[in-house]
*Asks:* 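Below you'll find the structure I mean.
Within every chain, numbering begins at 1; the chains are lettered A, B, ... in the order of the sequence lines, protein sequences first and strands thereafter.
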Number of protein chains: 2
Amino acid sequence: MTEETERQYLNQYNIKDYESPLYSVDIAIFTLHNGQLKVLLVERAAHPFKHSRALPGGFVDLHIDADIEATARRKLVAKTGVDAPLLEQVTTVGNASRDPRGWSVTTLYMALIPYAPTADFVDTVSEAIWCPMEELKELSLAFDHQLLIELARERLKNKTAYSVLPLHVLERPFTLSQLQHAFELLMGKSLEKKSFRRRILNAELLHQVGEGVPEGGKGRPAGLYEPSAGSERHLFVRVFGD
Amino acid sequence: MTEETERQYLNQYNIKDYESPLYSVDIAIFTLHNGQLKVLLVERAAHPFKHSRALPGGFVDLHIDADIEATARRKLVAKTGVDAPLLEQVTTVGNASRDPRGWSVTTLYMALIPYAPTADFVDTVSEAIWCPMEELKELSLAFDHQLLIELARERLKNKTAYSVLPLHVLERPFTLSQLQHAFELLMGKSLEKKSFRRRILNAELLHQVGEGVPEGGKGRPAGLYEPSAGSERHLFVRVFGD
DNA sequence: CCAATAGTGTCTTTGAGACACTATGAG
DNA sequence: CTCATAGTGTCTCAAAGACACTATTGG
């Protein structure tokens, strides 16, 4: 019995000889603006679902991308101009029915960035819009992107309860009230002021960098804070907000 | 300007026209046996890495699998005969270098099952072995499977600290001492007996179903417990073991 | 003064850590 | 009795919830 060597096998191997699912990477980019949680949607330029709204995403470029996170980052930078944000893999969804072209798999990432108008980074206004999460249900999105957004939203909510994820949506410096507000929007519930401040300050994640004006120009000036180095990765041993 | 319709586009679409990464599903199956955490390894029957040890896994069967979890479950059942276990997606790894055939993506699942000898479910003993995690470092595994196992191991450790995941590796019924031992092996640290029992019993996840003999035939008989319906999904608000 | 926002004092409750203690069986 | 394993009593400590209180600004 002659055994094929691995070298021989690789020489004659051709990926196109096998039936393989479509593989793509999608990214749910969140921000806060005007007291609302918003997600970035683009208009699809090609079939299928041409002209429908969808999450930014697409196929891996085998020649440019070193890994799938690079694919996600490439899409993120193209639509927002932001690099070095919070970018995190959420999950991978793959089945026979999510894409009319056939069996399809997508790895979903989520990103969290401070608000910036999309107009600065895309050619046409309609190409990318910040959609408030509250208006999402009314839209009909391409593929299963409505589901993907829900999955990312869930992760956002859960992780906010035991991390300092919301730091990533604020411009620096920020006040503790602004930070609490960000937590409340991401968690979808209001938090007790004293408990919140005790938790954040006791963890020694922030350092004060001065005083600023209060929200809306009225009231006592608030302390301004910035995260200390590495503090964005802090995890609490207890979830917050009961 | 004539616009192609979506129907026309789909009719002439052919997935093989595009360069796409390889896509596979791998699964790290864990169990406890003889006081050790073990992971199931199989011997690869084909190139690349023919005859190397690897995680069970492989390509999606587009005609059989409804979704990627079905692919993972199919592999799990084939190697262990176990269905309806804990089966959970860990992460997806994809890059240009992990497979000698080219750009490759794999979605990693992990499963947790009570111990059963592999011989009952595979044709040859060498086809599947339970490898103690302590002996893993010395082995040279196919692809990046050493890394994949580490990722699954990390998830196991983290999730054990805020869930009741270890319930899935025990035969029913079990004693609280056995359960604590399972927790300790999965977390890789010893736990304080009183704290452990208080935590588990206060959560009302178990019901007692009698008394059994103690470990090793000596000492006071222990209460025997089974999980109540749905309790496997309980999450604590506080991580255990500091 | 008032309104508005920022920030504190302090009591209660929950649940983990430590660790010594008691309980029940086999020999 | 002793040894081994199962299970409890109870004190301390960390941190969240509740909520009333004080502080600092603009008008």
*Asks:* Check the pair B:Thr91, A:Gln89 against side chain to side chain donor-acceptor pair (under 3.5 Å), reporting the backbone distance first and the verdict last.
*Replies:* CA-CA 8 Å; B:Thr91 192; A:Gln89 190 183 306; 3.2 Å; yes
*Asks:* Suppose we call a contact any N or O donor and acceptor under 3.5 Å apart; does that hold for the side chain of B:Lys194 and the base of C:dG17?
*Replies:* no
*Asks:* On DNA chain C, does the nearest nucleotide to A:Glu211 precede the nearest nucleotide to B:Glu192 from the 5' side, or the other way round? Give the residue.
*Replies:* A:Glu211
*Asks:* More than 12 non-hydrogen atoms from neighbouring residues, nucleotides or ligands closer than 6.0 Å to CD on A:Glu138, yes or no?
*Replies:* yes
*Asks:* Among D:dA6, D:dT24, C:dA6, which is the nearest nucleotide to the side chain of B:Arg220?
*Replies:* D:dA6
*Asks:* Give me the residues of residues 233-242 of chain B where at least one heavy atom lies under 4.0 Å from an atom of DNA chain C, by number, or none.
*Replies:* B:Arg238, B:Phe240, B:Gly241, B:Asp242
*Asks:* Once you round it to whole Å, what is the distance between P of D:dT22 and NZ of A:Lys193?
*Replies:* 14 Å
*Asks:* Without decimals, in angstroms, what is the distance between A:Gln180 CD and C:dG7 P?
*Replies:* 11 Å
*Asks:* Roughly, in whole Å, what's the span from CD in A:Gln208 to P in C:dG7?
*Replies:* 8 Å
*Asks:* Would you kindly check if the NZ (Lys) or CZ (Arg) of A:Arg238 is within the cone defined by 45 degrees around the ring axis of A:Tyr162 and under 6.0 Å from the six-membered ring centre?
*Replies:* no
*Asks:* With a sphere of 6.0 Å drawn around CG of B:Asn202, does it hold more than 12 non-hydrogen atoms of other residues, nucleotides or ligands?
*Replies:* yes
*Asks:* Going through the checks in order, is the side-chain contact (heavy atoms from CB on, under 4.5 Å) test met by A:Tyr225 and A:Phe174?
*Replies:* CA-CA 5 Å; A:Tyr225 293 84; A:Phe174 48 81; 4.1 Å; yes
*Asks:* Going by atom types only, do A:Tyr23 and A:Ser104 share a side-chain donor-acceptor pair under 3.5 Å?
*Replies:* no
*Asks:* To the nearest angstrom, how far is B:Leu191 atom CG from C:dA16 atom P?
*Replies:* 11 Å
*Asks:* Evaluate the criterion salt bridge (charged side-chain N to carboxylate O under 4.0 Å, His left out) for residue pair A:Arg172 and A:Glu232; output intermediate values, then yes/no.
*Replies:* CA-CA 13 Å; A:Arg172 283 84 209 272; A:Glu232 281 96 341; 3.6 Å; yes
*Asks:* To the nearest angstrom, how far is B:Leu224 atom CG from D:dG7 atom C1'?
*Replies:* 14 Å
*Asks:* In whole angstrom, what separates A:Met187's CE from D:dA16's C1'?
*Replies:* 12 Å
*Asks:* Kindly indicate, with the supporting measurements, whether the criterion side-chain contact (heavy atoms from CB on, under 4.5 Å) is fulfilled by B:Arg199 and B:Phe236.
*Replies:* CA-CA 9 Å; B:Arg199 182 174 168 107; B:Phe236 293 96; 3.1 Å; yes
*Asks:* Side chain of B:Thr31, backbone of B:Ile113: donor and acceptor closer than 3.5 Å?
*Replies:* yes
*Asks:* When you measure from the side chain of A:Asp67 to the backbone N and O of A:Ala70, does any donor-acceptor pair fall under 3.5 Å?
*Replies:* yes
*Asks:* Does a nitrogen or oxygen in the side chain of B:Ser177 sit under 4.0 Å from OP1 or OP2 of D:dA6?
*Replies:* yes
*Asks:* Test your reading of the model: is there a side-chain donor-acceptor pair from B:His145 to the backbone of B:Leu55, 3.5 Å cut-off?
*Replies:* yes
*Asks:* Identify which nucleotide among D:dG7, C:dG7, C:dG9 has an atom closest to any side-chain atom of A:Leu176, counting heavy atoms from C-beta outward.
*Replies:* C:dG7
*Asks:* If you take any heavy atom closer than 4.0 Å to DNA chain C, which residues from residues 196-207 of chain B end up in contact?
*Replies:* B:Arg198, B:Arg199
*Asks:* Between C1' on C:dA4 and NE2 on A:His181, what's the gap in Å once rounded to a whole number?
*Replies:* 16 Å
*Asks:* Take B:Glu184 and B:Lys193, measure what salt bridge (charged side-chain N to carboxylate O under 4.0 Å, His left out) needs, and give me the verdict at the end.
*Replies:* CA-CA 11 Å; B:Glu184 289 175 335; B:Lys193 181 168 59 164; over 6 Å; no
*Asks:* Could you provide the dot-bracket string of DNA chain C, using ( ) for intrastrand pairs, [ ] for crossing pairs and | for bases paired to another strand, with Watson-Crick or G-U pairs below 3.5 Å?
*Replies:* |||||||||||||||||||||||||||
